[in-house]
Amino acid sequence: MELEAKYPTEKLKCWNKAKDIRMKYYQDYAEAHDKGGLRWAGGAWTFDAIPAGLGDDVYPITSEPYGATIAFDKDLSLECMEAAEVQGYPRDLCSYMRNYWGSIIIDKYPFGYNKDGEFVPRFKGAKPLGFPKPDFIWQDHICCSHAKWYQVVSDLEGGIPMFTVDNAVGPANELTDSKIKFVVEQLKDGVKFLEKVTDRDYDDELLFKAIRNHFVSTSKWAEICELNKAVPAPLDEKSIYSLYVLGTLQKAGKQVADFYEKVLLPEVKDRVKRGIAAVPNEQFRVMSDTQPPWSFLGIFRYLEKFGCISIGSLYTFGLIGQWEVKKDDTWGPKTIPDMEFSSRDQALYEYVKYELHRPEWQHFYSCHLKSDMMIRIAKEWKLNGVMLHYNRGCEGLSVGIAENRLALLDAGFPVMAFEGNNADEREFDEARTKAKINAFMETLGAK
Amino acid sequence: MITMGIDLGAKNIKVVILKDNKIVAKSNVLAGFEVEKSAKKAIDKAFKEAGVTRDDIEKIVSTGAGEKLAPFYDETKSVVGCDSLGAVFLHPAARSVIDVGAEEGRGMRCDETGKILDFEVNEKCAAGAGAFTEAMSRALEVPLEELGALSLKATEEIPMNAQCTVFAESEVVTMVHNNVSKANMAKAVHDAMASRITSMVRKIGFDKDVVLVGGVANNIGFVDSLNKDLGLEVVVPKDPEFVGALGAALAAAGWKGGA
């Protein structure tokens with residue numbers, strides 16, 4: 001049953017640009033050595049402005065989006081998972097991590113060159129490259145899997161120099177000067193480590209630029225998500241996944257900051273102004289939580305047949321986006337610090353102080369902090385209900401999710417929970433999830 | 001007005017035909033491997049009993065895991081939605097419904113019109129569904145229809161720790177080696193299953209008038225265990241396995257509570 005369109009819709013004009021940035025990112029990493037550059041690996045949350053001080057030819061690969069990229073390629077993902085399992089890594093570990101390790105074990109990169117020499121995903125006909133070994137690892141440690149993740153990567157690759165920053169200093173509402181300095185001092189040690197292992201001189205001017213990019217990427221992404229408060233919503237979550245990912249790849253990169261600030265934000269503002277809907281038959285608004293089951297993004301399109309849009313989630317808004325409570329008590333983009341950097345110490349202090357407010361770090365300290373943010377989104381983004389993914393593939397982001405469910409119910413929002421796994425498709429049951437969605441849509445009043 | 005509800009469950013296909021909201025026919029056929037053929041057989045059987053043809057039926061609603069495999073229907077509706085409609089129709093005070101079928105256990109809370117307020121469905125696991133008792137009846141070498149009465153003769157409460165049908169079967173083997181009586185083992189099976197269902201239902205909460213539907217509601221041993229676990233007496237309607245199909249037929253009639 002197709003519902004009648006209530007609003008005009010159109011495709012995002014910047015869609016291809018976003019895809020190009022992502023493909024170039026993976027190509028740059030793969031080809032870094034050919035250009036005399038360096039490769040480094042670390043998590044999407046790592047302080048990625050720091051390695052930027054080594055030069056403009058230093059290319060990262062962030063672990064979680066890499067695991068998700070493999071997950072989207074079902075055949076490769078299964079191969080990776082099974083390879084990791086053969087080596088004794090159990091199925092209850094982070095599924096991104098198992099994809100990543102498997103990719104090293106079977107020595108397959110999910111990209112390569114097609115017969116015309118274009119750099120394309122493996123599932124689009126590329127002959128896969130081997131996994132490009134990083135020159136060093138630059139990681140942070142707040143999620144329980146993160147530090148171990150790269151310890152294993154280093155072991156599998158025969159030893160890669162690794163530096164891990166302990167950033168688990170407590171929630172943002174209890175932040176103190178000494179906690180900020182605890183992280184800053186580690187970053188300063190990290191700079192020395194990077195100089196030593198790369199034999200390069202560190203350039204503070206490049207660091208300052210990267211921190212600026214970081215501020216812009218994370219604040220502007222929040223501003224883009226804030227625009228989804230509009231009815232009809234200009235963006236749907238399935239599209240948001242393809243856009244937020246750029247921030248998870250290289251939030252301190254100029255190409256990402258520029259894209260968010262100069263391309264995507266103006267386009268989304270224009271959509272709101274003209275009443276352009278992501279889902280033209282929008283009748284119900286929900287949000288999700290944690291990573292989706294990447295092999296089954298079709299469930300978000302399935303919602304549309306009921307006139308339901310998922311407007312995003314704390315995950316898509318706050319994994320990379322930085323937020324603050326505005327004077328009118330609503331959530332909006334975090335204000336970018338208005339100052340010139342004059343020293344490494346000062347720049348790092350501002351960087352860390354800003355970064356420790358990351359919304360998706362707060363629930364590691366208390367599920368109630370996450371519930372408060374979710375209820376705020378449910379109210380301010382005018383939601384009819386919530387779909388929670390009990391994600392067996394990510395214990396970091398799933399911790400406390402059952403408490404979040406109860407808090408949302410207490411706040412008056414209907415909740416549907418479904419079990420699955422972000423990257424291990426063997427743990428997701430599409431038919432049953434759709435049956436649950438059918439019932440949930442009935443409870444919201446859809447026919 | 002004549003309406004029909006078809007519930008294509010994992011194991012059985014149930015059909016109910018209503019005339020002015022009164023049941024005039026019902027049929028129950030094993031789904032087997034050729035579900036569409038079985039559905040047709042179930043429908044023909046109900047047609048015959050009601051003395052009607054397809055042309056006499058004003059509206060047909062299909063539900064269940066195989067809802068789209070019905071040979072003809074006007075609309076589909078979720079199982080939980082149909083269960084709650086059927087339960088409230090049969091027991092107007094019902095505000096909580098538990099459905100234990102062959103493949104799934106479900107819990108739901110609803111209002112006086114049968115509209116779902118909240119629901120929970122057990123995940124990919126047989127241990128909270130009829131398939132569990134079937135596997136256990138095989139392991140105990142006791143016919144399924146005798147398992148319930150047998151468990152009421154139990155003299156001891158023996159905890160079954162396994163949360164999985166496969167492991168539970170090996171636990172039964174251990175009990176056999178320990179000379180545990182079949183009655184005590186049957187009770188252990190029902191207690192384990194009731195505990196799983198109760199834990200699912202507690203997630204959404206329940207109000208006092210709880211109606212138990214689905215084929216497993218015919219198992220008096222399971223009902224006894226569930227009552228003890230929930231701390232109340234659930235209401236088991238006559239022919240509980242037909243409640244989903246009844247709800248589908250009611251949905252086809254546009255029934256929203258009341259007489």
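In what follows, chains are A, B, ... by sequence order, proteins preceding strands, each numbered from 1.
Around NZ of B:Lys41, the count of heavy atoms belonging to other residues, nucleotides or ligands within 6.0 Å does not exceed 12. Few gaps surround NZ on A:Lys434; more than 12 heavy atoms of other groups in view lie less than 6.0 Å from it. Within 6.0 Å of the CD atom in A:Glu395, the count of heavy atoms belonging to other residues, nucleotides or ligands does not exceed 12. The number of heavy-atom neighbours closer than 6.0 Å to NZ of B:Lys37, taken from other residues, nucleotides and ligands shown, is 12 or below. Surrounding OH of A:Tyr365 are more than 12 heavy atoms belonging to other residues, nucleotides or ligands, all under 6.0 Å away.
Put simply, the side chain of A:Glu442 never gets that close to the backbone of B:Lys77: no donor and acceptor are under 3.5 Å apart.
Across all non-hydrogen atoms, the minimal contact from B:Asn122 to A:Arg432 is O-NH2, 2.6 Å. Here the shortest heavy-atom pairing between B:Asp118 and A:Arg405 reads OD2-NH2, 3.8 Å. Between A:Lys436 and B:Val121 the shortest heavy-atom distance is CE-CB, 3.7 Å.
In this structure, no portion of B:Glu75 lies under 4.5 Å from any heavy atom of chain A.
With values rounded to the nearest 0.5 angstrom, A:Asn438 atom CG is found 6.5 Å from B:Thr76 atom OG1.
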